[in-house]
Chemist: 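I'd like to ask you about the structure that follows.
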2 protein chains.
Amino acid sequence: MVDPKEKHLPEARGIYSEFLKKNKMFFTKERTQLLDFIFEQKGHFSADELMFEMQKADVKVSRATLYRSLSQMVEAGILSESDFGHGHTHYEIAIGNKPHVHLICTDSGDVREVYSQKLEDALNDLARKEGFKIKRYKIQVFGVSKGSRKQASKL
Amino acid sequence: MVDPKEKHLPEARGIYSEFLKKNKMFFTKERTQLLDFIFEQKGHFSADELMFEMQKADVKVSRATLYRSLSQMVEAGILSESDFGHGHTHYEIAIGNKPHVHLICTDSGDVREVYSQKLEDALNDLARKEGFKIKRYKIQVFGVSKGSRKQASKL
DNA sequence: CTGGTTGCAAACGATTTGCACCCGC
DNA sequence: GCGGGTGCAAATCGTTTGCAACCAG
C-alpha cells in the first residue's frame, strides 16, 4: 500500500497537465518538481512537512507556490485534503487510492487509514436516497486504538 | 428535529457542571449564559455567528470567553465540532443528537444532516475489527444536492 | 511578445494567550 | 481570601495575496 503511488505518477502528470491546459495555465518547472516530489511522499503530509522535506532534497519552491499548487492538485482530484484537528491541513495522494476512513487516535495522535466496502455501500445508499451526488467524502473517526493508551490525562 | 434541544438543556447543565467541578472550575455567570444561549441555536453555528447573535440578544460575553467555553463544551461532550471547509469551525449540540452525516453541497454551500443506521453499523464493525474504540466521528460528504445546481463555474 | 507565474513580504482571519482586574465558592 | 475567570488587546499561525520581476508557449 505504499508503492502503488509511484506507478500513478504518470497518470497524475496527465491529469494535472489536462487540468492546467483547461484553465489556461502552464506546466511550469515548479509545478513539475512539486508533483514529482509529492509522489515520493508516503501517507499524509502537511504543507509544512513538504516544505521541510523539499529543503532537505534541494527542491526550491516557495511556500506561496506550494500552497497554490496544492490547491490546484486538490481541485484536479490528484490530492485530497483532511483535517485531523492538528491545526493544519493534511494532504494525501488521491489517485489510485480509494476513499477511506481515518482512524485518529486521540492518545497517540496516530492516524491509520482503513477501507470498508460496507461503509462505502452505506454511503452510496444514503446519497441515492437523498438525491445527492457524491463528489468526495471524508470520514474521521476519533478514538483510542488498542495499542496506544498513553499516560492518562483523563480521569 | 429542532425542538429536542430545549429538553436537553437541563441534561447539558448537569454535564457541564460535573465537567467543571471535576476540573476545579466554576460555573460562572458567563458560562451559564453561554450554555443557555447555545441551546437556543438551531443546527450548526460558528463562533462568529454566535458572537453576532449574542450581541443582538444582549448577551455580553467576550470572544475570548466564547472560544474558551466552546472548547470546554466540546471536551465535555456537549457540543461537537465540524469543519465544512468554510475556513472556520462549526459547532452543534451533541447531546440527544446521534452522530450523523453532513451532506455538503459544493454548489449552494448548503449543509444537510442525515442519519443512517447502516452506516453506523458499518463503522462499528470496522472499529471492532481494527481494535479501535470510537469516541466520536465526523463524516462529511461533499457533492451536489439535487435541488441546487447553481450557475456553472465548472463546465 | 504576452499573459500566466514566482517569490517575497505583507496581509488575513480564525483562534489563542498574557495580563490586570474581577468573582465564585 | 484564594484560585480560577474575564475582557482586552496583542500575539499566533496556517494560509492567502499584492506586486515586480520572470518564464512558458
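Hydrogens, waters and symmetry mates play no part in the numbers below; they use all other heavy atoms, side chains included. In what follows, every chain begins at residue 1, and chains take the letters A, B, ... in the order their sequences are listed. None of the values given here were measured: they were computed from a predicted structure.
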Chemist: In a check of side-chain contact (heavy atoms from CB on, under 4.5 Å) between E30(B) and each of V59(B), L35(B), L66(B), T65(B), which one passes?
Modeler: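 For E30(B), the side-chain contact (heavy atoms from CB on, under 4.5 Å) test succeeds with only one of V59(B), L35(B), L66(B), T65(B), which is T65(B).
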Chemist: Give me the ring orientation class for H44(A) and F84(A): parallel if the planes are under 30° apart, tilted from 30 to 60°, perpendicular past 60°.
Modeler: perpendicular
Chemist: Would you say the side chain of L50(B) lies within less than 4.5 Å of the side chain of F37(B), judging by non-hydrogen atoms?
Modeler: yes
Chemist: Quick one: do K118(A) and D121(A) make a salt bridge, cutoff under 4.0 Å?
Modeler: no
Chemist: Tell me what T89(A) touches on the nucleic acid: a base, only sugar-phosphate, or nothing, going by heavy atoms under 4.0 Å.
Modeler: sugar-phosphate
Chemist: For H88(A) and dT12(D), what is the distance between atoms NE2 and C1' respectively, to the nearest whole Å?
Modeler: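 Going from H88(A) (NE2) to dT12(D) (C1'), I get 15 Å.
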Chemist: Let me know the distance between NZ of K24(B) and C1' of dC2(D), rounded to the nearest Å.
Modeler: 14 Å
Chemist: Using modelled atom types and a 3.5 Å cut-off, is there a donor and acceptor pairing between side-chain atoms of S145(B) and backbone atoms of F132(A)?
Modeler: no
Chemist: Provide, to the nearest angstrom, the distance between the CG atom belonging to L70(A) and the P atom belonging to dG14(D).
Modeler: 14 Å
Chemist: Do the side chain of R68(B) and the base of dG7(D) come within less than 3.5 angstrom through a donor-acceptor pair of N or O atoms?
Modeler: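 Flag set: donor-acceptor pair detected.
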Chemist: If I take atom NZ in residue K21(A) and atom P in nucleotide dG3(C), what distance separates them, rounded to the nearest angstrom?
Modeler: 20 Å
Chemist: Would F27(B) and Y16(B) count as a close aromatic pair, with their ring centres under 6.0 Å?
Modeler: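 They qualify: ring centres under 6.0 Å apart.
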Chemist: Is the H88(B) ring parallel, tilted or perpendicular to the H86(B) ring (thresholds 30°, 60°)?
Modeler: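 Aromatic pair H88(B)/H86(B) classed perpendicular.
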Chemist: Using a strict cut-off of less than 4.0 Å between a Lys/Arg side-chain nitrogen and an Asp/Glu carboxylate oxygen, indicate whether K60(A) and D58(A) qualify as a salt bridge.
Modeler: yes
Chemist: Taking only Lys NZ, Arg NE, NH1 and NH2, and the carboxylate oxygens of Asp or Glu, determine whether D48(A) and R63(A) approach each other closer than 4.0 Å.
Modeler: yes
Chemist: Reading 5' to 3' and counting Watson-Crick or G-U wobble pairs with both distances under 3.5 Å, write the dot-bracket notation for DNA chain D, | for bases paired outside the strand.
Modeler: |||||||||||||||||||||||||
Chemist: Here's a test of your reading of the structure: between E30(A) and M25(B), which maps to the more 5' nucleotide of DNA chain C?
Modeler: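 Its nearest nucleotide lies further toward 5', so the answer is E30(A).
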Chemist: So does K138(B) pair up with D83(B), basic N to acidic O under 4.0 Å?
Modeler: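 So K138(B) does not pair with D83(B) through a salt bridge.
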Chemist: Give a yes or no on this: more than 12 heavy atoms of other residues, nucleotides or ligands lie within 6.0 Å of atom CZ of F52(B).
Modeler: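 Not buried by this count: 12 neighbours or fewer within 6.0 Å.
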Chemist: Using whole Å, report how far CD of E81(B) lies from P of dA14(C).
Modeler: 16 Å
Chemist: Nearest whole Å is fine: how far is dG14(D) C1' from H90(A) NE2?
Modeler: 12 Å
Chemist: Between D83(A) (CG) and dT15(C) (C1'), how many Å, whole number?
Modeler: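 Atom CG in D83(A) sits about 14 Å away from atom C1' in dT15(C).
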Chemist: What one-letter contact string describes nucleotides 20-25 of chain D from 5' to 3', where B marks a base within less than 4.0 Å of any protein heavy atom, S marks contact via sugar-phosphate atoms alone, and - marks no contact?
Modeler: ----BS
Chemist: Could you identify which residues of residues 47-67 of chain A place a heavy atom less than 4.0 Å from some atom of DNA chain C, listed by residue number, or say none?
Modeler: K60(A), V61(A), S62(A), A64(A), T65(A)
